[in-house]
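Have a look at the structure below, then the notes.
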Amino acid sequence: MKSVSNLNQLQSALKPVMIGMVAKMAERVYETLNFFLQEYYNSYDPVYYRRTYEFLQSAVKVNAKPVGNKVVAYVYINTNVMSNYYYGVSGEQVARWANKGLHGGKRLGRGIPKVWDYTLKYTVGKDDLLKLALDYLQSKGFNVKR
């Protein structure tokens, strides 16, 4: 058990716990994003082009780190890694189409996941991240109420 006598000591004592908690949350978002990227690829077998798999491999997770009095991590789709194989369409446009359930700007089937929206829906929207955070804090000995 740690003894804390001022706010700076409390902040110092909590920092590793917060880094670990945010890292777990970012990992869950990253895993979910990769799941929906794969589902997106599975939803259509291209006939007119050869896949580069750049979009499939575009998910990025930046490790949790302290920034000011917060701990932050980032999960995103790196649209810059997609080359110009999309007939002059930017990586950002490809990601936007994927988030509308479109392949190449066209609706080419049913059940095509909206990659980013579904990632948020199944992490933040279902309180998955909140549950993960509470479980993590409990595992570190914090008394949390649900």
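- Of the possible donor and acceptor atoms, none in the side chain of R51 sits under 3.5 Å from a partner among the backbone N and O of D45.
- A distance of 5.5 Å separates CG of N6 from CG of N8, quoted to the nearest 0.5 Å.
- Annotation: side chain of L132 is not in contact with side chain of D135 (no heavy-atom distance under 4.5 Å).
- K121 contributes atom NZ, which lies 16.0 Å from atom CH2 of W116 (distance to the nearest 0.5 angstrom).
- V60 and M82 sit in two unconnected hydrophobic clusters of ILVMFWY residues. Membership requires side-chain heavy atoms under 4.5 Å apart, directly or through other members.
- Aromatic ring orientation, F55 versus Y40: perpendicular (interplanar angle above 60°, classes split at 30° and 60°).
- The distance from the OG atom of S43 to the CZ atom of R110 is 13.5 Å, given to the nearest 0.5 Å.
- A heavy-atom distance below 4.5 Å is found between the side chains of Y76 and V62.
- From K114, atom NZ reaches atom CG of L120 across 13.5 Å, with rounding to the nearest 0.5 Å.
- Note on Y53: it clusters hydrophobically with V115, by side-chain heavy-atom contacts below 4.5 Å among ILVMFWY residues.
- A side-chain donor-acceptor contact under 3.5 Å links S5 and Q9.
- At least one side-chain heavy atom of V72 sits under 4.5 Å from a side-chain heavy atom of Y74.
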If you look only at distance, which donor and acceptor atoms sit under 3.5 Å apart when one is on a side chain in residues 16-38 and the other is two or more places apart or in another chain?
{"residue": "E27", "atom": "OE1", "partner": "K61", "partner atom": "NZ", "Å": "2.5"}
{"residue": "R28", "atom": "NH1", "partner": "D128", "partner atom": "OD1", "Å": "2.9"}
{"residue": "R28", "atom": "NH1", "partner": "D128", "partner atom": "OD2", "Å": "2.8"}
{"residue": "T32", "atom": "OG1", "partner": "R28", "partner atom": "O", "Å": "2.8"}
{"residue": "N34", "atom": "ND2", "partner": "Y30", "partner atom": "O", "Å": "3.1"}
{"residue": "Q38", "atom": "NE2", "partner": "N42", "partner atom": "OD1", "Å": "2.9"}

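- Considering only heavy atoms from C-beta on, Q11 comes within 4.5 Å of N69 through its side chain.
- At least one side-chain heavy atom of L134 sits under 4.5 Å from a side-chain heavy atom of L130.
- Interatomic distance, L102 CG to R107 CZ, rounded to the nearest 0.5 Å: 5.0 Å.
- Note: the hydrophobic cluster containing L7 also contains V71 (ILVMFWY, side chain heavy atoms under 4.5 Å, direct or indirect links).
- To the nearest 0.5 angstrom, I112 atom CD1 is 12.5 Å from K106 atom NZ.
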